[in-house]
*Asks:* 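Below: one structure in structure tokens.
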Number of protein chains: 2
Amino acid sequence: MYGTARSEWRTTPRRAAVLEALHACDGFVSAQSLHTALVTDGVAVGLSTVYRTLRLLEAAGHVDVVRDSDGDGERFYRPRPDDGHRHYLVCRECGLSLAVESEEVERWVARIARDIGFHSVDHTVELTGMCDGCRPGPVDRRPHPAGRARVV
Amino acid sequence: MYGTARSEWRTTPRRAAVLEALHACDGFVSAQSLHTALVTDGVAVGLSTVYRTLRLLEAAGHVDVVRDSDGDGERFYRPRPDDGHRHYLVCRECGLSLAVESEEVERWVARIARDIGFHSVDHTVELTGMCDGCRPGPVDRRPHPAGRARVV
DNA sequence: CAGTATACGACAATGATTTTCATGTGCGGT
DNA sequence: ACCGCACATGAAAATCATTGTCGTATACTG
Ligand SMILES: [Mn+2]
Ligand SMILES: [Mn+2]
Ligand SMILES: [Zn+2]
Ligand SMILES: [Zn+2]
């Protein structure tokens with residue numbers, strides 16, 4: 001009748017590039033570093049577009065997110081597996097991130113939501129620790145593996 | 001011998017005031033609103049001091065923290081019960097927050113940490129939803145109970 | 001191909017939190 | 001009680017990831 005039914009998701013070169021760059025990364029990346037990676041790679045894309053695209057992907061459930069535990073709560077993104085969201089155990093030192101099995105927590109969340117009677121209950125679960133390579137020896141502390149973002 | 005052993009926590013009037021104001025609040029409060037409450041109450045205290053004190057309390061494990069889910073990740077604080085930390089189900093609309101039973105999750109975290117072999121594993125678990133009073137009716141949506149921070 | 005709703009990007013604005021740094025004060029030692 | 005100094009305080013400036021603005025470009029429908 002009136003408004004023409006238009007698609008709500010335009011496939012544009014920038015968005016394709018952002019998504020591709022995201023998949024090319026190991027583990028979690030921030031919007032900023034993803035933008036840097038793109039520019040370094042010769043892809044002309046604005047920082048705003050990277051932020052906007054990541055937000056869209058987040059809303060569409062195509063990425064998992066973890067937030068830096070310190071002050072500004074910086075956001076890090078990772079492509080989400082097709083079969084549902086994951087939760088991660090992240091090394092505070094080197095950024096190594098591992099998806100963990102979370103059936104138990106998912107059930108717990110559902111039970112709590114049902115018992116208390118809240119609607120549209122969403123959940124955030126983040127584990128942080130130190131991996132073997134980063135364990136602080138009293139004397140012989142070795143250099144960290146790498147900066148951020150390995151994944152298994 | 002050399003360095004004099006000094007206490008690592010000075011009891012000062014401002015810190016006492018901040019802690020008291022925190023206990024006087026229902027539910028979670030931000031550093032900013034806690035500062036406003038203090039000043040309104042006639043207590044002369046700087047915003048920096050409120051932030052610093054809350055950080056200290058956090059590090060000492062005397063408060064529980066939840067972070068706003070949107071961009072800036074604003075932090076909200078609540079006095080922690082003596083018998084250990086809690087996790088909360090918070091209403092996105094009115095801020096009503098309820099401590100939930102989380103034995104199951106605590107055990108899950110311990111198991112994951114042990115299985116994967118990370119050390120000093122810490123965890124963040126936050127539940128957000130909509131309480132009964134805030135449920136969005138298709139037609140008759142009623143005004144929200146109150147702004148932020150009730151607790152049960 | 002035209003029309004328009006949407007995407008883009010350079011740049012400014014936001015806003016919670018941190019840092020600075022000059023000054024005040026708790027507290028251990030005497 | 002008095003000193004001395006490490007730590008606490010606060011007003012103001014800095015930080016900085018993220019979002020808003022708005023003029024221009026472009027994807028998509030017809
Ligand atoms: Mn989950
Ligand atoms: Mn817990
Ligand atoms: Zn590590
Ligand atoms: Zn509510």
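Here is how names work: the chains are called A, B, and so on, in the same order as the sequence lines, proteins then strands, and each is numbered from 1.
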*Asks:* Output yes when B/Arg86 and B/Glu101 qualify as a salt bridge under the 4.0 Å nitrogen-oxygen rule, no when they do not.
*Replies:* no
*Asks:* Using ring pair (Phe, Tyr, Trp, His ring centres under 6.0 Å) as the criterion, list what pairs up with B/His119, not counting sequence neighbours.
*Replies:*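 For B/His119, no residue satisfies ring pair (Phe, Tyr, Trp, His ring centres under 6.0 Å) once neighbours in sequence are set aside.
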*Asks:* Go through residues 41-53 of chain B and report each residue with a non-hydrogen atom lying under 4.0 Å from DNA chain D, sorted by number.
*Replies:*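 The stretch gives B/Ala44, B/Val45, B/Gly46, B/Ser48, B/Thr49, B/Arg52 as the residues lying under 4.0 Å from the strand, ordered by number.
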*Asks:* Parallel, tilted or perpendicular, judged at 30° and 60°: which one describes the rings of B/His123 and B/His87?
*Replies:* tilted
*Asks:* Take the protein atom OH of A/Tyr77 and the nucleotide atom P of D/dA17, then report the distance between them rounded to whole Å.
*Replies:* 13 Å
*Asks:* On the nucleotide C/dC8, are OP1 or OP2 found under 4.0 Å from the side-chain N or O atoms that A/Thr12 carries?
*Replies:* yes
*Asks:* For the base of C/dA7, is there a side-chain donor-acceptor partner from A/Arg15 under 3.5 Å away?
*Replies:*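 In this structure, the two groups form no donor-acceptor pair.
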*Asks:* Rounded to whole Å, please give me the gap between CG in A/Leu34 and C1' in D/dA17.
*Replies:* 15 Å
*Asks:* Kindly list each side-chain donor-acceptor pair under 3.5 angstrom involving residues 41-56 of chain B, sequence neighbours excluded, with atom names and distances?
*Replies:*
| from | atom 1 | to | atom 2 | distance (Å) |
| --- | --- | --- | --- | --- |
| B/Tyr51 | OH | B/Gln32 | NE2 | 3.4 |
| B/Thr53 | OG1 | B/Thr49 | O | 2.7 |
| B/Arg55 | NH1 | B/Glu58 | OE1 | 3.2 |

*Asks:* Give the rounded distance in Å between these two atoms: CG of A/Asp72 and P of C/dT19.
*Replies:* 11 Å
*Asks:* Below 4.0 angstrom, N of the basic side chain to O of the carboxylate: do B/Arg80 and B/Asp64 qualify?
*Replies:*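 So B/Arg80 pairs with B/Asp64 through a salt bridge.
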*Asks:* Check the distance between D/dT18's P and B/Asp68's CG and give it to me in whole angstrom.
*Replies:* 14 Å
*Asks:* When you check the phosphate oxygens OP1 and OP2 of D/dG10, does a side-chain N or O of B/Arg14 lie under 4.0 Å from one of them?
*Replies:* yes
*Asks:* In terms of side-chain geometry, is the basic nitrogen of A/Glu104 or B/Arg107 positioned less than 4.0 Å from the acidic oxygen of its partner?
*Replies:* no
*Asks:* How many whole angstroms separate atom CZ of B/Arg67 from atom P of D/dA17?
*Replies:*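 To the nearest whole Å, that distance equals 15 Å.
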*Asks:* Taking the nucleotide of DNA chain C with the closest heavy atom to each, which residue, B/Glu74 or B/Pro13, is nearer the 5' end?
*Replies:*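 The residue mapped nearer the 5' terminus is B/Glu74.
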*Asks:* What is the distance, rounded to the nearest whole Å, between atom CD of B/Glu8 and atom P of C/dC27?
*Replies:* 12 Å
*Asks:* Give a yes/no answer on whether the side chain of A/Arg55 brings an N or O atom under 4.0 Å of OP1 or OP2 in D/dT19.
*Replies:* yes
*Asks:* How close or far is atom C1' of C/dT18 from atom CZ of B/Arg75, stated in whole angstroms?
*Replies:*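 Result: 13 Å.
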*Asks:* How long is the line joining CD of B/Gln32 and C1' of C/dT14, in whole Å?
*Replies:*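 Nearest whole value for this atom pair: 13 Å.
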*Asks:* NA contact type, A/Thr11, heavy-atom cut-off 4.0 Å: base, sugar-phosphate, or nothing?
*Replies:* sugar-phosphate
*Asks:* Between B/Asp70 and B/Arg67, is there a side-chain N and carboxylate O pair less than 4.0 Å apart?
*Replies:*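 The answer is no: the pair does not qualify as a salt bridge.
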